[in-house]
Amino acid sequence: MNRRTFIKTTSLAGIATTLLPDAHLTSQIAHRKSPLVINTWDYKRIVPETAYNTIVAGGSVIDAVEQAVRIPETDPEITSVGIGGYPDRDGNVTLDASIMDGEGNCGSVMFLEHISHPISVARKVMEKTEHVYLAGEGAMQFALENGFTKEDFLSPAAQKAYQEWLQQSNYKRAKTDEGNHDTIGLIAMDTNGNMAGACSTSGLAWKIRGRVGDSPIIGAGLYVDNEVGAATATGIGEAVVKVCGSFLIVELMRQGKSPQEACQLALERILHKQPKYKSDEGFLVGFCAFNKDGKYGGMSYKKGFEYSVYTDGKYEVVKAESLVK
Ligand code: ASP
């Protein structure tokens, strides 16, 4: 037992006798042995496993989330993240990514072009600058100055889809319930309760040039707080931004809601404030979250969202509950 675990264990034991009647919860905190990794969708076992194994091998939780998210960023078959991403209306692939640790350190890039690992650039922003967000040309310049190389990428699949889209040039959001993967948002916690998260996307296909979604916006696509838990999002970014979705979930958990309840309340907030989404056929938002006790949950507006969980050496893809059945 290291010092941190000891303090946590003993102080929680003290609280448990006076304030917390839930002995099960207390013992869960004291005896959790395994890291916990959760990510949006099913990006295959290798993604959360990489984060998990990085932590088990003694790496930091911020290394863990970065290393895991780098995998889909260079998979040309994934059409919604990194180099395989579908382009905007002008045929340019533009990328958004954010990274955050549980102490509140964070970095982000948005509208970044020609750089194949936006999550690593976001980490450099976090660690090497006094800023949080870098955008567009400036973000690319910063990446080049920090050893990244400029590449041209529009994968053959993305090129084909873009050519087909150009026939009509009719913007219609891709439906997220038809097997698309969308954003990877990955959150992790080590056995000492240190948390981090990483989020990366090429955003909505055929978006207006310059459009930025929720994924690089701290508190929208991602939020992490060691005192409470972590949350991340996928789906129509505009809807998530409007309610600061991931921050809202963490704050709801701070008030005592379970991760599952908090995800549901955030979705309900979106629909309450913006009822127009109820009649929007292509609309989908999905959240997943965990709290510091290692409880986790996830939920989406419509059926079709799933999230991956890796803990105790086991990998599971959970079909999330949906608000609309
Ligand atoms: N949330 C992403 C965005 O709006 C896209 C997605 O997850 O499908 O950019």
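Values in this document were obtained by computation on a predicted structure and should not be read as measured data. Each ligand, and each atom within it, is numbered from 1 in the order the structure gives. Throughout, numbering of the chain's residues begins at 1 and tracks the sequence.
Residue-to-ligand polar distances keep G203 apart from ligand 1: every N/O pair is separated by 3.5 Å or more. Considering backbone and side-chain N/O atoms, T201 never comes within less than 3.5 Å of an N/O atom of ligand 1. Any N or O atom pair closer than 3.5 Å counts here, and G235 shares at least one such pair with ligand 1. In terms of polar-atom proximity, T183 is counted as a contact of ligand 1, with an N or O under 3.5 Å from an N or O of the ligand. On a distance-only criterion, D182 and ligand 1 share at least one N/O pair closer than 3.5 Å.
Scanning for side-chain hydrogen bond (donor to acceptor under 3.5 Å, both in side chains) contacts around Y52 gives S34, with sequence neighbours left out.
E113 and R209 are joined by a salt bridge, as a carboxylate oxygen and a charged side-chain nitrogen come within less than 4.0 angstrom of each other.
Ring planes of W41 and F305: perpendicular class, angle over 60° (limits at 30 and 60°).
Judged purely by atom type and a 3.5 angstrom limit, S300 has no side-chain atom pairing as donor or acceptor with the backbone of E306.
Residue contact check for ligand 1: S80 places no non-hydrogen atom closer than 4.0 Å to it. Assignment of R211 to the shell around ligand 1 is supported, since a heavy atom sits closer than 4.0 Å.
Here the two rings, on Y86 and Y162, have centers that are 6.0 Å apart or farther.
For ligand 1, the atoms sitting less than 4.0 Å from at least one non-hydrogen atom of D214 are 1 (N), 2 (C), 3 (C), 4 (O), numbered in the order shown with element in parentheses.
Taking all atoms of both residues into account, the shortest heavy-atom contact from G107 to M126 is N-CB, 3.6 Å.
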